[in-house]
Amino acid sequence: INGVSVNPSVDTSTSSASLSSNTSLDLSQSLSVVQHSSEILFIDASVADYQTLIKDTRVGMDIYVLDPNQDPWAQMTQIVNQYENVTAIHLVSHGAEAEIIIGKNVYGTSQIDNLSSELQTWGAHLAPNADLLLYGCNVAEGSDGLAFINEIARITQTHVAASTDSTGALALNGNWTLEASTRSEE
């Protein structure tokens with residue numbers, strides 16, 4: 001995955017964070033969140049060269065780098081719960097068939113089911129027909145991968161899209177196409 005470190009524009013004197021275009025907020029800082037966009041990008045700090053990914057992200061997304069020393073789902077939930085009318089949540093992490101890998105932790109169907117009450121709270125902060133886009137290698141690969149993203153869609157009440165192959169830089173035989181989706185053709 002193509003990624004570079006960018007310092008967020010943070011005013012620590014007021015304990016609030018302000019994001020400008022293509023900057024990120026490191027969630028290891030205890031700061032309140034200010035919504036600037038209807039789209040959120042969460043990045044697993046263990047993704048190689050994630051800073052370049054931040055730099056190359058299109059303008060108009062609020063970007064958060066997950067603190068590897070804290071529960072990633074709790075961090076994401078805390079952020080989402082401070083937003084209104086979110087149209088898309090993007091998650092860049094590692095993955096495998098029917099698994100999201102954040103840091104050293106693997107989240108398969110049973111782990112996601114255990115997080116269901118937490119993830120269900122996202123619904124109150126999402127716009128109708130919101131998307132959850134999972135950028136991790138092979139997350140939706142095979143029948144288990146498809147069942148996995150369907151379970152996430154059921155819990156979060158979002159449309160989920162994920163990759164069935166390598167995700168990331170073309171130079172590393174990856175791509176940024178999310179080949180599988182729970183969204184039916186309308």
Side-chain angles (χ1 to χ4, degrees), residues 1-3 37-50 52-54 56-58 60-66 68 71-77 79-80 83 86-116 118-123 125-186:
I1 292 188
N2 191 10
S37 172
S38 65
E39 293 189 50
I40 303 171
L41 170 59
F42 292 109
I43 301 175
D44 173 5
S46 74
V47 169
D49 198 25
Y50 71 85
T52 298
L53 180 62
I54 292 168
D56 292 344
T57 298
R58 69 177 160 76
M61 280 194 215
D62 289 351
I63 304 169
Y64 300 92
V65 177
L66 298 171
D71 176 342
W73 299 100
Q75 291 176 74
M76 289 186 279
T77 298
I79 297 297
V80 170
Y83 277 68
V86 175
T87 59
I89 298 172
H90 306 256
L91 173 60
V92 177
S93 67
H94 295 286
E97 183 176 346
E99 295 177 336
I100 298 170
I101 304 168
I102 304 175
K104 296 177 183 172
N105 299 306
V106 177
Y107 301 93
T109 301
S110 62
Q111 291 82 10
I112 294 297
D113 285 342
N114 289 338
L115 294 166
S116 64
E118 187 171 352
L119 296 177
Q120 287 171 344
T121 67
W122 293 14
H125 305 277
L126 301 175
N129 298 310
D131 295 313
L132 177 56
L133 308 168
L134 304 174
Y135 296 92
C137 296
N138 306 308
V139 170
E141 181 181 11
S143 59
D144 288 343
L146 290 174
F148 180 66
I149 66 169
N150 278 304
E151 179 67 1
I152 294 171
R154 183 190 68 75
I155 293 169
T156 61
Q157 295 297 297
T158 61
H159 300 288
V160 177
S163 184
T164 61
D165 59 12
S166 295
T167 302
L170 183 59
L172 299 173
N173 296 319
N175 64 64
W176 294 103
T177 303
L178 300 178
E179 298 85 4
S181 174
T182 61
R183 184 183 296 270
S184 59
E185 296 300 320
E186 299 167 356

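Just so you know, these numbers come straight off a predicted model, no measurement behind them. Starting from 1, each residue takes its place in the sequence as its number.
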> Got L126 and I89 here, is their nearest side-chain heavy-atom distance under 4.5 Å?
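Side-chain contact under 4.5 Å: yes.
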> Can Y50 and V92 be said to form a side-chain contact (heavy atoms from CB on, under 4.5 Å), step by step?
CA-CA 9 Å; Y50 71 85; V92 177; over 6 Å; no
> Would you give me the side-chain donor-acceptor pairs under 3.5 Å for residues 139-154, sequence neighbours excluded?
from: N150; atom 1: ND2; to: L146; atom 2: O; distance (Å): 2.9
from: E151; atom 1: OE1; to: R154; atom 2: NE; distance (Å): 3.1
from: E151; atom 1: OE2; to: R154; atom 2: NH2; distance (Å): 2.7

> Restricting to side-chain hydrogen bond (donor to acceptor under 3.5 Å, both in side chains), what partner residues turn up for S163, sequence neighbours left out?
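Only D165, T167, E179 meet the side-chain hydrogen bond (donor to acceptor under 3.5 Å, both in side chains) criterion with S163.
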> How long is the straight-line distance from CD of Q111 back to CH2 of W73, given to the nearest 0.5 Å?
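W73 CH2 to Q111 CD: 10.5 Å, rounded to 0.5 Å.
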> Side-chain atoms of residues 37-46: list all donor-acceptor pairs with protein atoms under 3.5 Å, sequence neighbours left out, distances to 0.1 Å.
from: S37; atom 1: OG; to: E39; atom 2: N; distance (Å): 3.0
from: S37; atom 1: OG; to: E39; atom 2: O; distance (Å): 3.4
from: S37; atom 1: OG; to: G60; atom 2: O; distance (Å): 2.3
from: S38; atom 1: OG; to: T87; atom 2: OG1; distance (Å): 3.2
from: E39; atom 1: OE1; to: R58; atom 2: NH2; distance (Å): 2.7
from: E39; atom 1: OE1; to: H90; atom 2: NE2; distance (Å): 2.7
from: E39; atom 1: OE2; to: R58; atom 2: NH2; distance (Å): 3.0
from: D44; atom 1: OD1; to: S46; atom 2: N; distance (Å): 2.9
from: D44; atom 1: OD1; to: S46; atom 2: OG; distance (Å): 3.0
from: D44; atom 1: OD1; to: G103; atom 2: N; distance (Å): 3.3
from: D44; atom 1: OD2; to: S46; atom 2: OG; distance (Å): 2.8
from: D44; atom 1: OD2; to: G103; atom 2: N; distance (Å): 2.9

> Only counting residues at least two apart or in another chain, list the ones meeting side-chain hydrogen bond (donor to acceptor under 3.5 Å, both in side chains) with D131.
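Counting only residues at least two positions away or on another chain, D131 forms a side-chain hydrogen bond (donor to acceptor under 3.5 Å, both in side chains) with R183.
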> Check the pair S166 / N173 against side-chain contact (heavy atoms from CB on, under 4.5 Å), numbers first and verdict last.
CA-CA 7 Å; S166 295; N173 296 319; 5.6 Å; no
> Suppose we screen for side-chain hydrogen bond (donor to acceptor under 3.5 Å, both in side chains). Which residues come up paired with W122, at least two apart in sequence or across chains?
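Listed in chain order: T77.
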> Can you tell me how far CG of L132 sits from CD of Q157, rounded to the nearest 0.5 angstrom?
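Rounded to the nearest 0.5 Å, the CD-CG separation comes to 12.5 Å.
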> Given side-chain contact (heavy atoms from CB on, under 4.5 Å), test V47 with Y135 step by step and report yes or no.
CA-CA 11 Å; V47 169; Y135 296 92; over 6 Å; no
> Got a second to check how far M76's CE is from I79's CD1, nearest 0.5 Å?
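Between M76 CE and I79 CD1, I get 10.5 Å after rounding to 0.5 Å.
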> If I take atom CG from residue N105 and atom CD1 from residue I102, how far apart are they, to the nearest 0.5 angstrom?
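If we round to the nearest 0.5 Å, N105:CG and I102:CD1 are 8.0 Å apart.
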> I need the minimum non-hydrogen distance between V86 and Y83, along with the two atoms involved.
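Shortest heavy-atom contact: CG2-CB, 3.4 Å.
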> First locate atom OG1 of T57, then atom CG of D62, and finally report the distance between them rounded to the nearest 0.5 Å.
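Spacing of OG1 (T57) from CG (D62) equals 11.5 Å.
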> Atom CD1 in I100, atom CG in L134: separation rounded to 0.5 Å?
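These two atoms lie 4.5 Å from each other.
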> Quick test of your reading: applying salt bridge (charged side-chain N to carboxylate O under 4.0 Å, His left out), list the pairs with at least one residue in residues 88-116, sequence neighbours left out, ordered by first then second residue.
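Every pair satisfying salt bridge (charged side-chain N to carboxylate O under 4.0 Å, His left out) with a residue in residues 88-116: there are none.
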> Which atom names give the shortest non-hydrogen contact between T158 and T156, and what distance separates them?
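Shortest heavy-atom contact: OG1-OG1, 2.7 Å.
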